[in-house]
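Here the structure is laid out as structure tokens; the discussion comes afterwards.
These numbers come from the heavy atoms of this one structure, side chains and all, not from hydrogens, waters or symmetry mates.
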Amino acid sequence: MALPSWALSAPVTQQEREELPVSTVSAKMADTCGQILLGSGLTVLSHPLMYIKVLIQVGHEPLPPTLGRNLFGRQVYQLPGLFAYAKHIIKIDGKVGLFKGLGPRLWASTIGTVVHSKVVQKCQEPDALELLGVQQKAAKGSLQHVVNETTKEMIARSCATIVTHPFHVITLRCMVQFIGRETKYSGVLDSIVTVYREEGILGFFAGLIPRLLGDVLSLWICNLLAHLINTYAIDDSMSHTGEIKNCSQAVTGFFASMLTYPFVLVSNLMVVNNCGLAGGLPPYAAVYPTWVDCWRHLSREGNMSRGNSLFFRKIPAGKMYALDQKRFF
């Protein structure tokens with residue numbers, strides 16, 4: 001995952017910030033607003049994909065396997081992909097059904113962008129840098145510079161994740177209601193009251209630990225691996241060096257997300273675990289005391305990558321499809 005452009009700028013002291021002209025302050029506000037609008041647009045566009053992915057992650061398979069061909073042209077039984085799943089949802093709930101849970105997710109996106117921006121600005125201050133033990137004069141492109149910037153980005157992302165996690169919980173539970181056709185979580189405010197009444201404050205942070213661990217590991221793997229590739233595998237004398245380095249950052253980001261996907265899966269399952277919805281209770285899911293128990297169970301069943309792919313989905317080895325329950329067992 002590439003470091004944001006503002007994360008590579010020189011630190012701004014408190015005195016300099018107070019002396020900034022109004023135009024500069026306005027530009028920063030405009031930049032934040034632009035990030036919010038862009039993030040909201042991407043959130044809306046990607047929501048149906050996330051919705052289908054979450055339903056697959058919890059084990060909901062409403063459509064039986066069909067005979068198809070894999071990447072090598074061989075005939076195999078496959079599970080319905082993204083488009084077939086989307087058509088099924090539209091058939092039941094209409095096109096608007098693909099955007100169930102969008103409201104709290106937009107709240108999470110907006111608040112997360114603001115928190116991330118504020119924390120990054122705070123981390124650029126000399127006092128914060130000294131507290132973090134960050135060396136301000138590390139040469140750009142050096143390992144120390146990468147460690148410094150990754151540390152600040154890790155803190156900013158973690159703060160944004162913690163603050164917005166309650167909205168993430170509500171989003172996933174709104175989605176999973178599709179399985180049992182419940183209406184328990186119908187709006188942001190009503191959902192907040194429901195979670196607090198049934199689970200207390202801790203209910204808003206279900207699945208937070210594996211989500212944080214996955215985010216942190218993914219960030220460090222991506223940035224350190226990209227640094228190694230850019231330093232030892234790419235010659236600065238080559239043409240289009242900048243484009244090649246950006247490409248390597250994207251590739252390492254994809255690789256890191258693949259490695260840390262089990263944390264995403266476990267986190268999402270713990271969000272809906274034993275919350276009173278059909279998708280978080282047997283037979284779709286066991287009741288897990290902790291996220292570690294969930295991890296162990298998925299590992300034993302060979303389901304650590306469930307939902308990772310939305311195309312060419314193969315049938316789990318050794319599993320039987322239960323048509324009445326719409327799941328594998």
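Looking at L269 and V58, their side chains come closer than 4.5 Å, going by heavy atoms from C-beta outward. Within the 4.5 Å cutoff, the side chain of I89 has heavy atoms near those of the Y51 side chain. Counting heavy atoms from C-beta on, the side chains of M50 and L102 never come closer than 4.5 Å. Between N230 and S248, the closest side-chain pair of non-hydrogen atoms falls below 4.5 Å. Annotation: side chain of Q249 is in contact with side chain of N223 (closest heavy-atom distance under 4.5 Å).
Side-chain N or O atoms of T110 include none that pairs as donor or acceptor with a backbone N or O of W107 at under 3.5 Å. The closest donor-acceptor contact from the side chain of S257 to the backbone of F254 lies under 3.5 Å. Using a distance-only test at 3.5 Å, with no hydrogens or angles considered, a donor-acceptor pair links the side chain of Y261 to the main chain of R306. Between the side chain of T260 and the main chain of F263, no donor-acceptor pair closer than 3.5 Å is present. Between the side chain of N273 and the backbone N or O of Y288, at least one donor-acceptor pair lies under 3.5 Å. Under the 3.5 Å distance criterion, the side-chain polar atoms of T161 are matched with a main-chain donor or acceptor of R157. A donor-acceptor pair under 3.5 Å links the side-chain atoms of H47 to the main chain of K100, judged by distance alone.
Residues that satisfy the salt bridge (Lys or Arg N to Asp or Glu O under 4.0 Å) test with R313, not counting sequence neighbours, are E61. Listed by chain and number, the residues in a salt bridge (Lys or Arg N to Asp or Glu O under 4.0 Å) with E182 amount to none (sequence neighbours excluded). Under the rule for a side-chain hydrogen bond (donor to acceptor under 3.5 Å, both in side chains), Y85 has no partner lying at least two apart in sequence or in another chain. Remark: W291 pairs with no residue by the ring-ring contact (aromatic ring centres under 6.0 Å, His included) rule, at least two apart or across chains. R211 meets the salt bridge (Lys or Arg N to Asp or Glu O under 4.0 Å) test with no other residue; sequence neighbours excluded. Judged as a salt bridge (Lys or Arg N to Asp or Glu O under 4.0 Å), and not counting sequence neighbours, the contacts of R181 are D93. A search for side-chain hydrogen bond (donor to acceptor under 3.5 Å, both in side chains) contacts involving S46 returns R105, not counting sequence neighbours. Checked against side-chain hydrogen bond (donor to acceptor under 3.5 Å, both in side chains), K184 has the following partners two or more places apart in sequence or in another chain: E198. In this structure, Y232 has no ring-ring contact (aromatic ring centres under 6.0 Å, His included) partners at least two apart in sequence or on a different chain. Applying the side chain to side chain contact (heavy atoms under 4.5 Å, CB included) test to V163 and every residue at least two apart in sequence or in another chain returns I111, V115.
Under a cut-off of 6.0 angstrom, the local environment of CD1 in I209 is sparse, with at most 12 non-hydrogen atoms contributed by other residues, nucleotides or ligands.
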Quiz prompt | Criterion side-chain contact (heavy atoms from CB on, under 4.5 Å) on T151 and W220, from CA distance to verdict | solution = CA-CA 9 Å; T151 299; W220 281 98; 3.6 Å; yes

Exercise. Might you work through the side-chain contact (heavy atoms from CB on, under 4.5 Å) test for L277 and Y185, ending with a clear yes or no?
Key: CA-CA 10 Å; L277 299 177; Y185 299 91; 3.9 Å; yes

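The aromatic rings of F178 and H88 lie perpendicular to each other, with more than 60° between the two planes, well past the 30° mark.
Nearest heavy-atom pair across F167 and A108 is CB-CB, 3.7 Å. For S191 against S186, the heavy-atom pair with the smallest separation is OG-N, 3.8 Å. Of all the heavy atoms in G103 and V188, the pair that sits closest is C-CG2, 4.4 Å.
Residue pairs satisfying the salt bridge (Lys or Arg N to Asp or Glu O under 4.0 Å) criterion with at least one member in residues 169-179, sequence neighbours excluded, are listed as follows: R173-E199. Listed by first and then second residue, the salt bridge (Lys or Arg N to Asp or Glu O under 4.0 Å) pairs that reach into residues 273-298 come to none, sequence neighbours excluded.
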